[in-house]
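Reviewing the structure listed below.
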Amino acid sequence: MGIIFVEYLEGQAYSCRHCRTHLAKVDELLSKVRNALAEYAGCCHALAAKRTYFDVRVLHVVRMQQFHSKNGPAWLFQRCINVVCGPKEERLMTTGMHIVKDISCTRCMQVVGWKYEEAHEESQKYKEGKYILERAHVVEASSSGMDSGHDSHSDDIDDAAYF
């Protein structure tokens, strides 16, 4: 094996819990956007006397955005660095059949999540090319690259099934 080159991120980043290698920028986190949408949907329901098509549609989208792995809650990211992809495999998840690749940290080779390669369901196509990082394998690092020592998003509920 040759020399391992590791990229470091400026600003807030998520790092491998095992070796502290940077994996993704905080602002690449897509599932956090879904939490704001969930709050908005809650306001819509509180104000509406009856459910409209829009209200039901928003709740359906929010429900689909929750991610959960075999190790607990997980997050959806637009982009990840310092990971290597394993072989493609078909995996049945609660949202349907997907072709995914497990992703491992380049430094310690610990599996930290997966990458969506292909979704069979039309409603799940938005996941293609995106990454899931399992919260059990990730910590938030400060802008200096040093670990902050805690998971600042421990109250979030962002889950998707992984069997």
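As the structure is a prediction and not an experimental result, all values here were calculated from the model.
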Could you check whether any side-chain heavy atom of [X] comes within less than 4.5 Å of a side-chain heavy atom of [Y], counting everything from C-beta outward?
X: E89; Y: K101; result: no
X: R17; Y: Q110; result: no
X: K88; Y: V100; result: no
X: L29; Y: Y14; result: yes

Do you know which two heavy atoms are closest between [X] and [Y], and how far apart they sit?
X: A13; Y: V26; result: N-CG2, 3.8 Å
X: P73; Y: S69; result: O-OG, 4.3 Å
X: Y116; Y: L76; result: CE1-CD1, 4.2 Å
X: L30; Y: F77; result: CD1-C, 4.0 Å
X: C108; Y: H18; result: SG-CB, 4.0 Å
X: A24; Y: L9; result: C-CD1, 3.5 Å

Exercise for review: Please assess Y8 against I81 for the test side chain to side chain contact (heavy atoms under 4.5 Å, CB included), listing each intermediate value before the final yes or no.
Suggested key: CA-CA 9 Å; Y8 292 94; I81 62 165; over 6 Å; no
Practice item. Evaluate side chain to side chain contact (heavy atoms under 4.5 Å, CB included) for R91 paired with D102, printing each intermediate quantity in order. Key: CA-CA 11 Å; R91 204 172 281 166; D102 283 337; 2.9 Å; yes
Practice item. Please check if any side-chain donor atom of E134 sits under 3.5 Å from a side-chain acceptor atom of N71, or the reverse. Key: yes
Review point. Do we see a donor-acceptor contact under 3.5 Å between the side chains of T95 and H98?
Key: yes
Point to revise | Audit row: V111, H137, side chain to side chain contact (heavy atoms under 4.5 Å, CB included) steps and yes/no | key: CA-CA 8 Å; V111 174; H137 299 294; 6.0 Å; no
To the nearest 0.5 angstrom, please state how far the [atom1] atom of [X] sits from the [atom2] atom of [Y].
X: W114; Y: K127; atom1: CH2; atom2: NZ; value: 8.5 Å
X: Y131; Y: I103; atom1: OH; atom2: CD1; value: 7.0 Å
X: T106; Y: H22; atom1: OG1; atom2: NE2; value: 12.0 Å
X: S104; Y: M109; atom1: OG; atom2: CE; value: 5.0 Å
X: E128; Y: I99; atom1: CD; atom2: CD1; value: 9.0 Å
X: E118; Y: E90; atom1: CD; atom2: CD; value: 8.0 Å

Exercise for review: Could you please spell out the steps behind the side chain to side chain contact (heavy atoms under 4.5 Å, CB included) verdict for L133 and C80?
Suggested key: CA-CA 9 Å; L133 290 178; C80 286; 4.0 Å; yes
**Study point:** More than 12 heavy atoms from other groups under 6.0 Å of CD on E122
**Key:** no
Review point. Does K125 use its side chain to pair, donor to acceptor, with the backbone of A119 at less than 3.5 Å?
Key: yes
